[in-house]
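Just so it is clear, the values below take in all heavy atoms, side chains as well, and ignore hydrogens, waters and symmetry mates. Keep in mind the model is a prediction, meaning the values are calculated, not measured. We count residues from 1, following the sequence as given.
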Amino acid sequence: MTQPPDDLRSTFLPCPEGRLHVYSAGDHGSPVLLLSGAGVDNALLSWRHLIPVLARRHQVLALDWPKQGRSRPWSGKATHERMLGCVTEVLDRFGLDSATLVGLSQGGALALAYAIDHPERVKRLVALAPAGILSFPPGVHQLLWLTAKLPLLNRTLPTAAFRSRARIAEFARHALFAGPVWDFDDVVDEIAEEVHEAGGGASDWQNASIGPLRMRVDLRPRLPEITTPTLIIQGDKDIGVHPERTRAAAALIPCCRLEVLAGVGHWSSRQTPDRVNRLITDFLAMDGVDPLG
């Protein structure tokens, strides 16, 4: 198993469905909770390069979503509502009234949703290529819904394909990145390990978010309710979350700054960690300052 850095600590939260795992680092400063993406992802895959940088000045928590990383075994479905509940459980377990939320893709959608439902508990908000702001044309939507309903399509076949390291590398190059990644081989190894442990399919959240006629999770109508200072980071070559969708969503949030990264794909925290880390640390350093100023 890929080993975490020596200075990371692990906490397991007992839940009715299983155990929820959280990495922690840093003992001082304002708290930051990191929320990773869907599918073959986990806390270390998304945040390996960000955690040590933030830990210099912040108390950092990084959550393994149910059925990811070390949050196994887990029985039952990890739906949108249950995942939001996980955020509350982590904040309560560490005695935090509020924290900055940083989320990627699925984690970005859940960070936005949590800021809508629990504004008093979110101090600042960072979303990288957030999901939850997408819709699809008729026909395409129904095909995605059918895929989400059939385990053969959303789990069995992807898992079989991802048993090949070459297939994982091809997927990463074309679906996750849009340019060179200095630790690409490590990324592929980490994805392969997650596939070996949990399979290679879509997450429960992804599958449950798609209804037969429309998206069940569409945050766009409620984005104007977010009052938390917000930073959205988006790669301009992202094929999973189109930049124009993100631009439109950012425009709906009253106190939001959008940063579009040239030549970057969906997984910006691994493709260009130095750029992403700098944006996030600078944003958090502006506590009490208008992020749009």
Would you give me the side-chain donor-acceptor pairs under 3.5 Å for residues 97-107, sequence neighbours excluded?
{"from": "S105", "atom 1": "OG", "to": "H266", "atom 2": "NE2", "distance (Å)": "2.9"}
{"from": "Q106", "atom 1": "OE1", "to": "S203", "atom 2": "OG", "distance (Å)": "2.7"}
{"from": "Q106", "atom 1": "NE2", "to": "G37", "atom 2": "O", "distance (Å)": "3.3"}

side-chain hydrogen bond (donor to acceptor under 3.5 Å, both in side chains) assessment of S10 paired with R70: CA-CA 10 Å; S10 284; R70 301 177 71 184; 3.0 Å; yes

Donor on one side chain, acceptor on other, R257 and T230, under 3.5 Å: no

Test log, rule salt bridge (Lys or Arg N to Asp or Glu O under 4.0 Å), inputs E190 and R48: CA-CA 11 Å; E190 291 173 57; R48 178 175 294 277; 3.4 Å; yes

Is there a path of hydrophobic side-chain contacts, each under 4.5 Å between heavy atoms of I, L, V, M, F, W or Y residues, that connects L252 with I226? yes

Just wondering, do V264 and D238 contact through their side chains at under 4.5 Å, heavy atoms? no

Same hydrophobic cluster for L84 and L91, using side-chain heavy-atom links shorter than 4.5 Å among ILVMFWY? yes

So do the side chains of I51 and L34 get within less than 4.5 Å of each other, counting heavy atoms only? yes

Audit row: D117, R222, side chain to side chain contact (heavy atoms under 4.5 Å, CB included) steps and yes/no: CA-CA 10 Å; D117 291 346; R222 299 192 64 189; 3.3 Å; yes

From OG1 (T147) to CG (N207), nearest 0.5 Å: 9.0 Å

For the hydrophobic clusters of this structure (ILVMFWY residues joined by side-chain heavy atoms under 4.5 Å, transitively), does one cluster hold both F94 and M83? yes

Clusters formed by hydrophobic residues whose side-chain heavy atoms approach within less than 4.5 Å: which one holds L153, and what are its other members? L146, L150, L152, L157

Going by side-chain hydrogen bond (donor to acceptor under 3.5 Å, both in side chains), name the residues that satisfy it together with R220, two or more places apart in sequence or in a different chain. S135, D218

Under a 4.5 Å side-chain heavy-atom rule over Ile, Leu, Val, Met, Phe, Trp and Tyr, are V32 and L8 clustered together? yes

The test is side chain to side chain contact (heavy atoms under 4.5 Å, CB included); show your working for T79 and D204 and say whether it passes. CA-CA 6 Å; T79 62; D204 292 346; 5.7 Å; no

Tell me every residue that passes side-chain contact (heavy atoms from CB on, under 4.5 Å) with A198, counting only those two or more places apart in sequence or in another chain. R72, E194

A side-chain contact here means heavy atoms from C-beta on lying under 4.5 Å apart; do D185 and R165 qualify? yes

When rounded to the nearest 0.5 Å, the distance separating OG of S30 from CG of L96 is 10.5 Å

Going through the distances and angles, do L33 and L63 end up as a side chain to side chain contact (heavy atoms under 4.5 Å, CB included)? CA-CA 7 Å; L33 174 58; L63 169 63; 4.3 Å; yes

Between the OG1 atom in T246 and the CD1 atom in I232, the distance rounded to the nearest 0.5 Å is 7.0 Å

Are the side chains of Y23 and V60 in contact, using a 4.5 Å heavy-atom criterion? no

Please give me the minimum heavy-atom distance between A78 and P66, naming the atom from each residue. CB-CB, 3.9 Å

Using salt bridge (charged side-chain N to carboxylate O under 4.0 Å, His left out) as the criterion, list what pairs up with R121, not counting sequence neighbours. D92

For the residue pair F136 and I210, establish whether any side-chain heavy-atom pair is separated by less than 4.5 Å. no

Answer whether the closest heavy-atom distance between the side chains of I233 and V260 falls below 4.5 Å. no

Could you tell me whether a side-chain N or O of T281 sits under 3.5 Å from a main-chain N or O of R278, the two making a donor and an acceptor? yes

Closest heavy-atom pair, S268 versus L261, reported as atoms and distance to 0.1 Å, is CB-CD1, 4.2 Å

Do the side chains of C15 and E89 get nearer than 4.5 Å, heavy atoms only? yes

Report the C-alpha separation of R19 and D64 in whole Å, then their side-chain angles, then the decisive distance to 0.1 Å, and conclude whether the salt bridge (Lys or Arg N to Asp or Glu O under 4.0 Å) test is met. CA-CA 10 Å; R19 64 181 194 175; D64 276 327; over 6 Å; no

Starting at OG of S36, measure out to CG of L128 and round the result to the nearest 0.5 Å. 12.0 Å

For D41 and L45, work out which heavy atoms get closest and say how close. OD1-CB, 3.2 Å

Looking at W65, F12, W74, which hits side chain to side chain contact (heavy atoms under 4.5 Å, CB included) with L20? W74

One should read off an interatomic distance between I133 CD1 and L112 CG, to the nearest 0.5 angstrom, of 8.0 Å

Would you say W205 and V217 make side-chain contact, with heavy atoms under 4.5 Å? yes

Go through the steps to decide whether K123 and T228 satisfy the test side chain to side chain contact (heavy atoms under 4.5 Å, CB included), and finish with yes or no. CA-CA 6 Å; K123 187 174 184 181; T228 303; 6.0 Å; no

Please confirm whether the backbone N or O of L231 pairs with a side-chain atom of E259, one donor and one acceptor, at under 3.5 Å? no

Distance-minimising heavy-atom pair for L125 and A111: CD1-CB, 3.5 Å

Donor-acceptor pair, T159 side chain versus R155 backbone, under 3.5 Å? yes

Does the Lys NZ or Arg CZ of R167 fall within the cation-pi geometry relative to F162 - under 6.0 Å from the ring centre and within 45° of the axis? no

Please check: side-chain N/O of H80 versus main-chain N/O of R216, any donor-acceptor pairing under 3.5 Å? no

Linking I/L/V/M/F/W/Y whenever any side-chain heavy atoms sit under 4.5 Å apart, do W145 and V140 land together? yes

Check P212 against Q142 and note the closest heavy-atom contact, atom names and distance. O-NE2, 2.9 Å

Taking only Lys NZ, Arg NE, NH1 and NH2, and the carboxylate oxygens of Asp or Glu, determine whether R9 and D27 approach each other closer than 4.0 Å. yes

What I want to check is whether the side chains of Y114 and T88 have a donor and an acceptor closer together than 3.5 Å. yes

Does atom CZ of R163 have more than 12 heavy-atom neighbours, drawn from other residues, nucleotides or ligands, at distances under 6.0 Å? yes

About how many Å separate NZ of K77 and CD of E17, when rounded to the nearest 0.5 Å? 13.0 Å

Apply the test salt bridge (Lys or Arg N to Asp or Glu O under 4.0 Å) to residues R247 and E244: give CA-CA distance (whole Å), side-chain angles for both, the deciding distance (0.1 Å), then the verdict. CA-CA 5 Å; R247 288 185 187 277; E244 290 309 309; 3.4 Å; yes

Below 3.5 Å, can you tabulate the donor-acceptor pairs from side chains in residues 175-184 to any protein atom, sequence neighbours excluded?
{"from": "D183", "atom 1": "OD2", "to": "H49", "atom 2": "NE2", "distance (Å)": "2.8"}
{"from": "D183", "atom 1": "OD2", "to": "R270", "atom 2": "NH2", "distance (Å)": "2.8"}

